[in-house]
Number of protein chains: 2
Amino acid sequence: MSLNKMHLKTLLLLAEKDAYVKSVSFTTPILAQQLGTSQQSASRILIKMEKEGLIERRIFGRISYVKLTDKGINELKNLYIELKSIIERPMEVTLEGRVFSGMGEGAYYLSLEWYRRQIKEKFGFDPYPGTLNVNLLSKDAIENRELVKKHADIEVNGYHNSLRSYGRVRGIPATFNDKDICAILFIERTHYGGNVIEIISPIYLRGKYGLKDGDKVKVTVSLPPASIKSLEREIKIGMEK
Amino acid sequence: MSLNKMHLKTLLLLAEKDAYVKSVSFTTPILAQQLGTSQQSASRILIKMEKEGLIERRIFGRISYVKLTDKGINELKNLYIELKSIIERPMEVTLEGRVFSGMGEGAYYLSLEWYRRQIKEKFGFDPYPGTLNVNLLSKDAIENRELVKKHADIEVNGYHNSLRSYGRVRGIPATFNDKDICAILFIERTHYGGNVIEIISPIYLRGKYGLKDGDKVKVTVSLPPASIKSLEREIKIGMEK
DNA sequence: ATTACTATTTCCCGAGTAA
DNA sequence: TTTACTCGGGAAATAGTAA
């Protein structure tokens, strides 16, 4: 990819107009306007691109026609392939942090049949009755927690009875210390801050790894490749900020 | 898209290294080498991209880490979406030309039950027993004939008996004068040049349109969007030239 | 080793203008 | 109307160098 900004913009404009299956009339003032530059620059750009074999030009009378060459199209295709390989692949997100003891609230929730049954159904394992609290270490990890949270789309419904109400929980499958299956839970009404994740697993992780408070652990999540649909939503969200 | 060449290249490099889910160490000499520019330029590029909010930098000791911001990622995603919309869409290819009379060879072939039956099966219509020969007018049309030929993947097998052999034919469905279904046939051993296409149709097109030799007609083909697989092949072919 | 400043050169843009 | 030249100003790249 050795295209400069204006050359790339011009290729995109031409490709949009199907200039790879037909010649398109394209005067220098019009190109200039579309590129947000001067007529002189547009002229120079076309001359240079023709020299580089990216486009072909033909002049019939007073109108000149432009067409993309195979090389021009391939520049776009190559860039597309490069972007596609980057964007349409799963993202491996790592969250590292240190174990700490909570107040047993996780254990209480998981002791409730309502939650336990849903987790069994939706995550595919019977959770050990307790959550492992992890305090995230780095700024990266804390940022990635937000990213993971956006993708945590497995919902465990809350409920309420005459005594109290129990909040909703969202979660996402993950891997613990590169080995064990687990899930990260995002509890709606948690009293932990944005630097904490709560882990559930079919096994007793503290036991298996002999974990004490302060021990470092690693939780890995594979996020799906950003599909166009989710991309568009994210971009809109980004713009609203 | 208002990224210049180097900024785009840098974003691509960073994205390849997953710099949107973790900070990546990236010194200015290394970046310079990857971009094919000087250390000073690399430094300037990083400073500018940081100012523009495309990246974030943190310095721990003597190593500096770079991470893509949401804005940086979205620049790539937007470009990807733009390219995707261009590349992954069907191409409407138009071939215009003038009708001329052949030597009745097409009619002879179509009178043979062997060909007629295969066309019925593979194109979904019973062909009128004759081909309409079209002499392509423009350079564009002649170039597009080659493009269409590459995509003509419906095969009608030839055969041979004791008297003579009958050549293979490849074809592709098309639309005649924006209305009628038809197909363009590419006959293996034709005596016509690269500026001629032969059309078959379930109806008698000469009759329906009152066509005389020299009359202008239009044949439209919808080519499938270039999939990655076919892209890679085309690029290799392009390189071999 | 780094990063990034200043100076010089090189390149690009746009105004004016010819054909 | 076009396209595309020359030319002057300014931006961007590299070299040298400091921190």
Just how far, in rounded Å, is [atom2] of [N] from [atom1] of [X]?
X: B/His7; N: D/dA11; atom1: NE2; atom2: P; value: 15 Å
X: B/Ile63; N: C/dT2; atom1: CD1; atom2: P; value: 10 Å
X: A/Leu46; N: D/dC5; atom1: CG; atom2: P; value: 12 Å
X: B/Lys5; N: D/dA12; atom1: NZ; atom2: P; value: 15 Å
X: B/Met49; N: C/dA4; atom1: CE; atom2: P; value: 14 Å
X: B/Lys51; N: D/dA12; atom1: NZ; atom2: P; value: 11 Å

Next item on the list: Would you mind classifying the nucleic acid contact of A/Ser43 as base, sugar-phosphate or nothing, using non-hydrogen atoms under 4.0 angstrom?
Entry: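 Base contact - A/Ser43 has a heavy atom under 4.0 Å of at least one base atom.
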
Notebook entry, point to check: Reading nucleotides 12-19 of chain C 5' to 3', which nucleotides get B (base under 4.0 Å from a protein heavy atom), which S (sugar-phosphate only), which -?
Noted result: SBBBB---

Item checked: Closest heavy-atom pair and its distance - A/Ser101, A/Asp213 ->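 Heavy atoms only, the tightest pair is OG-OD2, 2.9 Å.
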
Check: Is it the case that more than 12 heavy atoms not belonging to A/Lys208 sit under 6.0 Å from its NZ atom?
Finding: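 It does: A/Lys208 NZ has more than 12 such atoms within range.
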
Check: Does D/dA4 have OP1 or OP2 sitting under 4.0 Å from an N or O in the side chain of A/Arg57?
Finding: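 For A/Arg57, the contact criterion (side-chain N or O under 4.0 Å from OP1 or OP2 of D/dA4) is met.
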
Note to self: Angle between ring planes, A/Tyr80 versus B/Tyr80, binned at 30° and 60°: parallel, tilted or perpendicular?
What the structure shows: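 Parallel, since the angle between the ring planes stays under 30°.
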
Notebook entry, point to check: Taking only residues two or more places apart in sequence or in another chain, which ones pass side-chain hydrogen bond (donor to acceptor under 3.5 Å, both in side chains) with A/Glu188?
Noted result: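 A/Glu188 satisfies side-chain hydrogen bond (donor to acceptor under 3.5 Å, both in side chains) with A/Arg168 once adjacent residues are dropped.
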
Notebook entry, point to check: B/Lys67: what forms a side-chain hydrogen bond (donor to acceptor under 3.5 Å, both in side chains) with it, not counting sequence neighbours?
Noted result: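 With sequence neighbours excluded, B/Lys67 shows a side-chain hydrogen bond (donor to acceptor under 3.5 Å, both in side chains) to A/Asp140, A/Glu143, given in chain and number order.
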
